[in-house]
Amino acid sequence: AQSVTQLDSHVSVSEGTPVLLRCNYSSSYSPSLFWYVQHPNKGLQLLLKYTSAATLVKGINGFEAEFKKSETSFHLTKPSAHMSDAAEYFCVVRGGYNKLIFGAGTRLAVHP
Amino acid sequence: NAGVTQTPKFQVLKTGQSMTLQCAQDMNHNSMYWYRQDPGMGLRLIYYSASEGTTDKGEVPNGYNVSRLNKREFSLRLESAAPSQTSVYFCASRQGGGQDNYGYTFGSGTRLTVV
């Protein structure tokens with residue numbers, strides 16, 4: 001069965017510093033992995049996706065993630081945080097019948 | 001604008017009342033999904049419809065029923081609402097098929113409170 005574990009429920013950074021949101025996955029086959037973002041009281045927006053092509057995936061708003069099979073990880077990074085990045089981030093793996101399986105989420109706070 | 005439309009956006013129910021959450025997509029997608037979002041638990045799949053005419057249970061189906069009315073519409077019904085069903089509900093759709101790029105589109109959510 002497929003699953004994802006987000007290692008931090010809350011991350012706090014200062015504006016202009018790097019962001020790292022950690023995600024480990026479990027999958028019995030080559031996974032499809034996603035990062036979604038949810039701003040307060042909003043719906044979900046796809047940041048990026050990995051579907052067995054390049055292991056370094058670039059997404060919107062300067063985010064990127066690297067698929068590391070040896071570490072079963074798919075961490076999300078951004079070189080420089082912006083106030084508008086404050087949101088909740090979900091690591092997601094595609095399961096059977098193309099269902100999405102979500103992690104518990106990481107709430108990112110960005111301080112001036 | 002093309003996308004997934006959910007109605008209503010907010011609803012308060014009394015325990016035992018029934019209601020139907022509506023979802024419609026205008027992208028000619030084959031698959032549709034209902035998720036619920038609870039704090040600290042991410043989104044969990046309630047029911048899904050892989051194609052018109054089919055529905056299947058997800059991770060947390062108890063207390064819910066669904067209807068895939070046609071290709072566009074996928075409704076979620078609570079027959080007898082309980083406080084444990086207080087949540088934010090998201091509908092999603094996906095193209096599927098050989099041209100699929102795993103692109104899911106989510107609605108903006110329905111915030112349901114059961115008192």
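Every chain is numbered from 1 and lettered A, B, ... according to where its sequence line falls, protein lines coming before strand lines.
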When hydrophobic residues are tied together by side-chain contacts of less than 4.5 Å, even through go-betweens, does A/Phe102 share a cluster with A/Tyr89?
-> no
May I ask you to test the B/Arg111-A/Asn41 pair for a side-chain heavy-atom distance under 4.5 Å?
-> yes
Going through the distances and angles, do A/Leu44 and B/Tyr35 end up as a side-chain contact (heavy atoms from CB on, under 4.5 Å)?
-> CA-CA 12 Å; A/Leu44 292 124; B/Tyr35 290 86; over 6 Å; no
Region of A/Lys42 in contact with chain B, defined by heavy-atom distances below 4.5 Å = backbone
Flag yes if B/Phe90 and A/Phe34 sit in one hydrophobic cluster, no otherwise; membership is Ile, Leu, Val, Met, Phe, Trp, Tyr, and two members link when side-chain heavy atoms are under 4.5 Å apart.
-> yes
Search all heavy atoms of A/Ala104 against all heavy atoms of B/Gly40 and return the closest pair with its distance.
-> CB-O, 3.4 Å
Quick one: are the ring centres of B/Tyr104 and A/Tyr36 less than 6.0 Å apart?
-> no
Interface moiety of A/Gln38 toward chain B, non-hydrogen atoms closer than 4.5 Å | side chain
Is there a path of hydrophobic side-chain contacts, each under 4.5 Å between heavy atoms of I, L, V, M, F, W or Y residues, that connects A/Phe63 with A/Val13?
-> yes
Are B/Leu76 and B/Phe10 grouped together when hydrophobic residues (ILVMFWY) are joined by side-chain heavy atoms under 4.5 angstrom apart?
-> no
Counting only heavy atoms closer than 4.5 Å, note whether B/Gln37 contacts chain A via side chain, backbone, both or neither.
-> side chain
Any chain of hydrophobic side-chain contacts (each under 4.5 Å) joining A/Val11 to A/Leu47?
-> yes
Please walk me through it: do B/Tyr48 and A/Lys99 pass side-chain contact (heavy atoms from CB on, under 4.5 Å)?
-> CA-CA 8 Å; B/Tyr48 67 101; A/Lys99 294 174 285 188; 3.6 Å; yes
Region of B/Leu45 that comes under 4.5 Å of a non-hydrogen atom in chain A | side chain
